[in-house]
Amino acid sequence: MTEWYHDKYISVTGYCYANGNLLTDNGLADYFCIADTDTLLERLRSANGIFSFIIDTPDFKAASIGDARIYPVYYKEGTDGLQISNDFRKLLSKNDKSSDFAVQFYKASSYAPAGFTLIEGIRQVKPFHLLVCSNNSTSEHCYKTYLHLKEEEHSLTESQIMEIIDNAFKRTIDSVKGRQIVIPLSGGYDSRLIACMMKLNGYENVICYTIGTKESRECTTAFKVAEQLGYRIYLINPADANAKELFSTFEFRQYSSFVGGLTNFLWLYEFYAIKKLKSLGVLEDDAVFMPGHLGDFLSGSQLHKSLISSNSTAGTLSNAILFDSFIYNHNKATKNYVSKFFSNAIDNGYSGISAFQWFTLTHRLTHCINNAARAYLFFGYDVRLPFWDRELLDAFLSLPFTDLKNCSLYRKTLTDKVFNPLQVNFAN
């Protein structure tokens, strides 16, 4: 389970870099333990990492989950004032009712919308936001947005992209402090880049695993990559699992509550994969899992899959979300929610590309994809998401469409600068 550090008026978890320094536990608590909204917002803009914090003083309450939402925080307003907790169960009461809007959104997308849970009155702190309660008034403040005007976009060279990637991985590796790194390795670019960057940085305490059958194209590629880099790799075949035995245990019910968290469908492959690795005895007690979440998104893959271009209208952007991402159908309220977001973004002059990326980032990526990483936390392991490095986000989310089209810049940079030199440029 996730461990939190507590110090009088503040609780924190995770880590961040601020002013070039790595902050954890008491350092992280000292950095954010300030009863001033403007100062907290400024510090959140400078904090680069995966963290959450809750401040609770008699006169000032605040909370943030950073950018990635690995450690969700919940809150509820009532007659006793604002309650904030990292455990939603502490906020539940007998008279709670489900939220019709959140439930319909959840049924359509597999996750509750940003800021909501499935229970009316219990909310979650949004990614990229600060929740504040001062003078009996509760407010939310966005400390960072990637909505931008078209003229604010700027292109980068392969060398510049590679320097930014290298910086991100150096910070990630520094934060791990020599512990065992476990890479869920697929046949794609993102997890392959993670494995390659470990090798380029001389990090040897690494194992990999891949999920599927040995004959599948993805697993074949994963084995080729791991063997070329000299890392051990383990095959996890879900077909070997006894589903009835696996999913009827008390442990799985605990897992369901922890990972579901009133907001999400469950990720089942990860549950089995971690239990399998534990049974093989290959995981060190303080292992750190490092999945490739967000890499393909930053490259422009979602734009490519949804046929989004620089000329896409608000209606096209809205339909791309509703008919590509919300694969379980949607109702009128969900459609209005999505449509209103894109209409407002376009009316305010923001580029359609940035609006599509921002909506996808703050909803699906944080609330659905990243939630899979909470499986590792449930079993007591740490998590690092190198593609969520702030410098990487800033660079890729301001690229023009010409660099994102067909994922061209990202794929060419990785192929030329990393995969070919390390001889792992196998079929994707």
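For the numbers below, each heavy atom of this structure counts, side chains included, while hydrogens, waters and symmetry mates do not.
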Report task. Please confirm whether the backbone N or O of D296 pairs with a side-chain atom of D190, one donor and one acceptor, at under 3.5 Å? Result -> yes

Report task. Please test W4 against I54 for side chain to side chain contact (heavy atoms under 4.5 Å, CB included), starting from the C-alpha separation and ending with a verdict. Result -> CA-CA 10 Å; W4 285 67; I54 299 172; 4.2 Å; yes

Requested in this report: On the 0 to 90° scale, with breaks at 30° and 60°, tag the Y143-F128 ring pair as parallel, tilted or perpendicular.
Outcome: tilted

Query raised in the report: Are the side chain of T39 and the backbone of D36 linked by a donor-acceptor contact shorter than 3.5 Å?
Result: no

**Report entry** Output field: ring centroids F32/F51 closer than 6.0 Å
**Finding:** yes

Requested in this report: Indicate whether the side chain of Y255 and that of R253 have a donor and an acceptor atom separated by less than 3.5 Å.
Outcome: no

**Report entry** Salt bridge E284-R179, side-chain N to carboxylate O under 4.0 Å
**Finding:** no

**Report entry** Flag for D174-Y17: side-chain donor and acceptor within less than 3.5 Å
**Finding:** yes

Report task. Start with the C-alpha distance between E153 and S351, add both sets of side-chain angles, then the distance that settles side chain to side chain contact (heavy atoms under 4.5 Å, CB included), and finish with yes or no. Result -> CA-CA 9 Å; E153 298 170 352; S351 79; 3.7 Å; yes

Query raised in the report: Cation-pi between R374 and F258: NZ/CZ under 6.0 Å from ring centre and within 45° of the ring axis?
Result: yes

**Report entry** OG1 on T117 to NZ on K76, rounded to 0.5 Å
**Finding:** 9.5 Å

Report task. Would you mind reporting whether L294 and L393 have side-chain heavy atoms less than 4.5 Å apart? Result -> yes

**Report entry** Pair K170 + D166, salt bridge at N-O below 4.0 Å
**Finding:** yes

Requested in this report: Could you tell me whether K275 and E251 have a side-chain N and a carboxylate O separated by less than 4.0 Å?
Outcome: yes

Query raised in the report: What is the distance from atom CZ of F342 to atom OG of S312, rounded to the nearest 0.5 Å?
Result: 10.0 Å

Query raised in the report: Where the side chain of K199 meets the backbone of L229, is there a donor-acceptor pair that is under 3.5 Å apart?
Result: yes

Query - Cation-aromatic face contact R384/Y15, 6.0 Å, 45 degrees - result: yes

Query raised in the report: So, N331 and T334: side-chain donor and acceptor under 3.5 Å apart, yes or no?
Result: yes

**Report entry** Side-chain (N406) to main-chain (S408) donor-acceptor, under 3.5 angstrom
**Finding:** no

Query - Any donor-acceptor pair under 3.5 Å from S339 side chain to N336 backbone - result: no

Requested in this report: Verify the distance criterion only: is there a donor paired with an acceptor across the side chains of T138 and E77 at less than 3.5 Å?
Outcome: yes

Query raised in the report: Does T210 reach the side chain of I236, with side-chain heavy atoms less than 4.5 Å apart?
Result: no

Query raised in the report: Does NZ or CZ of R123 fall inside the cone over F116's six-membered ring, less than 6.0 Å from its centre and within 45° of the axis?
Result: yes

**Report entry** F396 and Y410 aromatic ring geometry - parallel, tilted or perpendicular at 30°/60° bounds
**Finding:** perpendicular

Query raised in the report: Could you state the interatomic distance from NE2 (H154) to CG (L399), rounded to the nearest 0.5 Å?
Result: 7.0 Å

Query - NZ/NE/NH1/NH2 to OD/OE distance under 4.0 Å, K144 and D67 - result: no

**Report entry** Sole candidate of F341, Y350, F326 that passes ring pair (Phe, Tyr, Trp, His ring centres under 6.0 Å) when paired with F359
**Finding:** F341

**Report entry** Spacing of H367 atom NE2 and R69 atom CZ [to the nearest 0.5 Å]
**Finding:** 5.0 Å

Query raised in the report: Are D394 and Y146 close enough, and set up right, to give a side-chain hydrogen bond (donor to acceptor under 3.5 Å, both in side chains), and what steps lead you there?
Result: CA-CA 8 Å; D394 289 350; Y146 288 103; 2.6 Å; yes

Query raised in the report: Mind checking whether F265 and Y106 have parallel, tilted or perpendicular rings, split at 30° and 60°?
Result: perpendicular

**Report entry** Evaluation steps, side chain to side chain contact (heavy atoms under 4.5 Å, CB included), between L118 and S99
**Finding:** CA-CA 5 Å; L118 300 178; S99 164; over 6 Å; no

Query - Side-chain heavy atoms of S310 within contact of K150, under 4.5 Å - result: yes

Query raised in the report: Within the side chain of R192, is there an N or O that forms a donor-acceptor pair under 3.5 Å with the backbone of G187?
Result: yes

Query raised in the report: Would you call K224 and V424 a side-chain contact if the rule is heavy atoms closer than 4.5 Å?
Result: no

Query raised in the report: Do the side chains of L377 and Y71 get nearer than 4.5 Å, heavy atoms only?
Result: yes

Report task. Run the numbers on T316 and T313 for side-chain hydrogen bond (donor to acceptor under 3.5 Å, both in side chains), then give the verdict. Result -> CA-CA 5 Å; T316 300; T313 64; 3.1 Å; yes

Query raised in the report: Is any side-chain N of the basic residue among K177 and D382 closer than 4.0 Å to the acidic one's carboxylate O?
Result: no

Query raised in the report: Does Y209 reach the side chain of I183, with side-chain heavy atoms less than 4.5 Å apart?
Result: no

Query - Distance-only donor-acceptor check, side chains T172 and S175, under 3.5 Å - result: no

Requested in this report: Report yes if the side chains of I181 and M198 come closer than 4.5 Å at any heavy-atom pair, otherwise no.
Outcome: yes

Report task. Could you walk me through whether L131 and K126 pass side chain to side chain contact (heavy atoms under 4.5 Å, CB included), step by step? Result -> CA-CA 8 Å; L131 175 74; K126 296 177 184 175; over 6 Å; no

Requested in this report: Answer yes or no: are there more than 12 heavy-atom neighbours, outside K276 itself, under 6.0 Å from its atom NZ?
Outcome: no

Report summary line: So CG of N48 and CG of D389: to nearest 0.5 Å the spacing works out to 4.0 Å

Query raised in the report: Distance only, no hydrogens: is a donor on one side chain within 3.5 Å (strictly under) of an acceptor on the other, for N420 and T415?
Result: no

Report task. Spell out, as yes or no, whether a donor-acceptor pair under 3.5 Å connects the side chain of Y111 to the backbone of T263. Result -> no

Query raised in the report: Do K278 and F379 come within less than 4.5 Å of each other through their side chains, counting heavy atoms only?
Result: yes

Query - Polar contact flag, side-chain donor to acceptor under 3.5 angstrom, D324-S306 - result: yes

Query - Parallel, tilted or perpendicular: rings of Y337 and F101 (30°, 60°) - result: tilted

Query raised in the report: Is the backbone of L409 close enough, under 3.5 Å, to the side chain of T413 for a donor and an acceptor to pair up by distance?
Result: yes

Requested in this report: Enter the distance from I119:CD1 to L91:CG here, rounded to the nearest 0.5 Å.
Outcome: 11.0 Å

